[in-house]
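Written out below as structure tokens is the structure these notes cover.
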Amino acid sequence: MARLAQTAGLTDVQQEIVSTVRDFVDKEIIPVATGLEHRDEYPQEIVDGLKELGLFGLMIPEEYGGLGESLLTYALCVEEIARGWMSVSGIINTHFIVAYMLKQHGTQEQKDHFLPRMAAGDIRGAFSMSEPALGSDVSAITSKAVKDGDEYVLNGQKMWLTNGGTSSLVAVLVRSDEGHPEGTAPHKSMTTFLVEKEPGFGEVRPGLTIPGKIDKMGYKGVDTTELVMDGLRIPADRVLGGVTGRGFYQMMDGVEVGRVNVAARGCGVAQRAFELGVQYAQQRHTFGKPIAQHQAIQFKLAEMATKVEAAHAMMVNAARKKDSGERNDLEAGMAKYLASEYCKEVVEDAFRIHGGYGFSKEYEIERLYREAPMLLIGEGTAEIQKMIIGRRLLEEYRFQG
């Protein structure tokens with residue numbers, strides 16, 4: 001086994017799960033990932049294999065048919081999957097966030113209704129915060145829900161839904177002014193709705209349209225879409241937690257663990273880039289010897305490996321902090337920021353080691369080079385992470401003058 005990115009203190013069960021996922025990645029994902037990515041083809045066989053492994057229910061409690069594992073176990077599995085193909089980890093991640101939000105904030109009826117089928121992979125989750133004009137400014141959401149008897153009527157346009165087409169359950173954040181007087185802070189007048197739909201594109205239920213896949217530079221295979229609501233009627237019992245006005249906090253809780261997931265993805269992609277770089281450096285000869293024997297390349301490999309190790313350690317720390325029941329927004333923000341930045345740098349160094357061949361679609365590093373930038377913006381940009389980190393540091397180190 002590779003020396004880098006090892007995790008001390010794992011139980012036998014955790015080690016077995018991670019090892020099983022790693023074997024699956026080596027045998028079922030890496031050999032086909034680049035071909036599927038170039039065709040922008042949804043990896044159905046891979047997803048079916050992950051379903052058989054129980055990955056869709058990894059963190060769902062055993063009482064609902066899941067494995068009841070920790071965030072750390074989940075993050076380590078995501079790291080392995082992203083090492084094979086980052087798009088597959090995205091398919092798992094959005095599902096996981098919705099399941100986590102249901103577990104933490106759902107009513108008992110909502111948990112009983114959704115979680116067993118989510119654990120089995122029969123229901124696939126997606127979540128939706130962003131809109132075309134707001135970016136990171138969640139308080140500027142304009143999509144709205146209006147109460148009408150025992151239902152709410154939803155209108156608006158959402159953006160950047162991972163699993164938007166293939167999902168059958170979407171957690172959607174909208175404004176809901178009912179019960180919240182004018183002047184209420186924006187984040188206190190938002191509600192998360194659990195929207196069930198048919199998988200596919202077009203009108204997937206009355207009042208709800210998934211227009212089609214957004215064509216992306218990288219992160220292909222997985223479907224990223226818009227979501228358009230035009231008179232979408234949702235029963236009141238599909239308000240997450242049964243009470244309006246809590247949606248912002250519910251979403252932020254989900255995004256917090258999602259940031260650990262993005263950090264894990266960055267670690268996985270960086271590991272694969274290092275593997276490709278160190279292998280190629282020993283195979284490619286210049287000036288009569290492998291380029292790995294040139295000091296300049298050895299320095300580059302040393303820097304890459306150090307970044308892989310540091311990012312992994314911070315990701316593990318953030319996951320363990322959350323598993324302990326403590327607040328981890330500082331650690332998750334740091335891990336996401338560092339892992340995504342280091343991932344970009346390690347991938348670029350591996351790309352440089354490959355020279356002209358790195359620019360060829362025949363080489364795997366070309367795909368990684370297009371995938372890494374998504375991690376710089378997913379679950380909040382570097383600038384957003386720095387804001388979170390800075391505010392939390394000022395709370396922790398408040399000057400008593």
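Just so it is clear, the model here is predicted, and its values are computed rather than measured.
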Hey, is CZ on R205 packed in by over 12 heavy atoms from elsewhere, all under 6.0 Å? yes
TODO: Return yes when atom NZ of K27 has more than 12 non-hydrogen atoms of other residues, nucleotides or ligands closer than 6.0 Å, and no otherwise.
DONE: no
Please report the C-alpha distance between R259 and D329 in whole Å, then the side-chain angles of each, then the deciding distance to 0.1 Å, and finally whether the salt bridge (Lys or Arg N to Asp or Glu O under 4.0 Å) criterion is met.
-> CA-CA 9 Å; R259 285 180 179 138; D329 52 343; over 6 Å; no
Interatomic distance, CZ@R272 vs CZ@R367, rounded to 0.5 Å, equals 8.0 Å
Indicate whether any N or O donor in one side chain lies under 3.5 Å from an N or O acceptor in the other, for S360 and E362. no
Is the shortest side-chain heavy-atom distance between T142 and R175 below 4.5 Å? no
Next on the checklist: Strictly below 4.0 Å, N to O, side chains only: are E348 and K344 in salt-bridge contact?
Outcome noted: no
Original post:
So do F193 and L232 actually touch side chain to side chain, heavy atoms under 4.5 Å?
Top reply: no
Check: Do T7 and R320 pass the side-chain contact (heavy atoms from CB on, under 4.5 Å) test, and can you show the C-alpha distance, the side-chain angles, and the key distance before you say yes or no?
Finding: CA-CA 11 Å; T7 310; R320 282 183 161 148; 4.0 Å; yes
Kindly check if the number of other-residue, nucleotide or ligand heavy atoms within 6.0 Å of CD (E45) is above 12?
no
Separation between OG (S176) and CD1 (I141), nearest 0.5 Å, reads 10.5 Å
ask   = Judged by modelled atom types alone, do H105 and T192 share a side-chain donor-acceptor pair under 3.5 Å?
value = no
- Item | Parallel, tilted or perpendicular, as decided by the 30° and 60° cut-offs, for the rings of Y280 and H354 | parallel
(message) Assess the residue pair E109 and R238 against the criterion (salt bridge (Lys or Arg N to Asp or Glu O under 4.0 Å)); give the C-alpha distance rounded to whole Å, side-chain angles, the decisive distance to 0.1 Å, and a yes or no.
(response) CA-CA 10 Å; E109 185 275 333; R238 289 299 176 256; 3.2 Å; yes
| query | Can any side-chain N or O of D349 pair as donor or acceptor with the backbone N or O of M304 at less than 3.5 Å? | reply | no
message: Contact between L194 and L102 at the side-chain level, heavy atoms closer than 4.5 Å - yes or no?
response: yes
inquiry  = D148 vs R233, test: side-chain contact (heavy atoms from CB on, under 4.5 Å). Steps then yes/no.
reply    = CA-CA 9 Å; D148 183 19; R233 290 187 168 272; 2.8 Å; yes
Go through the steps to decide whether I388 and L330 satisfy the test side-chain contact (heavy atoms from CB on, under 4.5 Å), and finish with yes or no. CA-CA 7 Å; I388 294 169; L330 175 64; over 6 Å; no
Do other residues, nucleotides or ligands put more than 12 heavy atoms under 6.0 Å from the CZ atom of R39? yes
E383 vs M387 side-chain heavy atoms within contact, under 4.5 Å:
no
Check your understanding: CD of E41: more than 12 outside heavy atoms within 6.0 angstrom?
Key -> yes
- prompt: Given side chains that start at C-beta, do those of Y74 and N93 come closer than 4.5 Å, heavy atoms only?
  reply: yes
Interatomic distance, CD@Q279 vs CD1@I353, rounded to 0.5 Å, equals 11.5 Å
* Asked: Can any side-chain N or O of Q110 pair as donor or acceptor with the backbone N or O of D237 at less than 3.5 Å?
  -> yes
**Any donor-acceptor N/O pair, K336 side chain to L375 backbone, under 3.5 Å** = yes
*For D230, does the CG atom have more than 12 heavy-atom neighbours from other residues, nucleotides or ligands under 6.0 Å away?*
no
| query | Does any N or O in the side chain of K213 come within less than 3.5 Å of the main-chain N or O of D40, such that one atom is a donor and the other an acceptor? | reply | yes
Separation between CZ (F274) and NZ (K300), nearest 0.5 Å, reads 13.0 Å
Can you tell me if E16 has over 12 outside heavy atoms packed within less than 6.0 Å of its CD?
no
Between the NE2 atom in H312 and the CD atom in E79, the distance rounded to the nearest 0.5 Å is 5.0 Å
* **Student check: side-chain heavy atoms of R124 and K51 closer than 4.5 Å** => yes
To the nearest 0.5 Å, atom CZ of F127 lies from atom CH2 of W160 at 14.0 Å
Nearest heavy-atom approach of A310 to Y342 is CB-CE1, 4.1 Å
Paired with D323, the side-chain contact (heavy atoms from CB on, under 4.5 Å) test is passed by just one of L71, V260, N328, namely L71
- Query: Is there a donor-acceptor pair under 3.5 Å between the side chain of K361 and the backbone N or O of T34?
  - Reply: no
For the side chain of Q104 and the backbone of D253, is there at least one donor-acceptor N/O pair under 3.5 Å apart? no
**Asked** Would you find a donor on one side and an acceptor on the other, under 3.5 Å apart, between the side chain of Q15 and the backbone of L10?
**Response** yes
Closest non-hydrogen atoms of A75 and A264, given as atom of the first, atom of the second and distance, are O-CB, 3.3 Å
Do the non-hydrogen side-chain atoms of V146 and N155 ever get within less than 4.5 Å of each other?
no
Measure up the Y369 and F351 rings against each other and bin them: parallel (under 30°), tilted (30 to 60°), perpendicular (over 60°). parallel
### Query
Could you go step by step and tell me if E303 and K307 meet the salt bridge (Lys or Arg N to Asp or Glu O under 4.0 Å) rule?
CA-CA 6 Å; E303 292 169 0; K307 289 173 181 177; 5.2 Å; no
Tell me whether S87 contacts the main-chain N or O of K220 through its side chain, where contact means a donor paired with an acceptor under 3.5 Å. yes
Residues S168 and I123: closest non-hydrogen pair is OG-CA, 3.5 Å
The single option from N163, T162, T166 that satisfies side-chain hydrogen bond (donor to acceptor under 3.5 Å, both in side chains) with T94 is N163
Please determine whether the number of non-hydrogen atoms from other residues, nucleotides or ligands lying under 6.0 Å from atom NZ of K103 exceeds 12. yes
I'd like to know whether L240 forms a side-chain contact (heavy atoms from CB on, under 4.5 Å) with R246, so could you lay out the CA-CA distance, the side-chain angles of the two residues, the decisive distance to 0.1 Å, and finally the verdict. CA-CA 8 Å; L240 180 61; R246 297 179 180 176; over 6 Å; no
In terms of heavy-atom contacts, G212 and F201 come closest through CA-CD2, 3.5 Å
*Could you go through the salt bridge (Lys or Arg N to Asp or Glu O under 4.0 Å) check for R391 and E395 one step at a time?*
CA-CA 6 Å; R391 289 169 181 169; E395 290 178 17; over 6 Å; no
Looking only at heavy atoms, the pair that brings V346 and A270 closest together is CG1-O, 3.5 Å
request  = Indicate yes or no for a side-chain donor-acceptor contact from E151 to the backbone of P235 under 3.5 Å, with no hydrogens or angles considered.
outcome  = no
- prompt: Are any non-hydrogen side-chain atoms of V316 and L76 less than 4.5 angstrom apart?
  reply: yes
### Message
Could you check whether H95 and S167, counting side-chain N and O atoms only, form a donor-acceptor pair closer than 3.5 Å?
### Response
no
Under 3.5 Å donor-acceptor, E364 side chain and L276 backbone
no
Nearest heavy-atom approach of V308 to A5 is CG1-CB, 4.5 Å
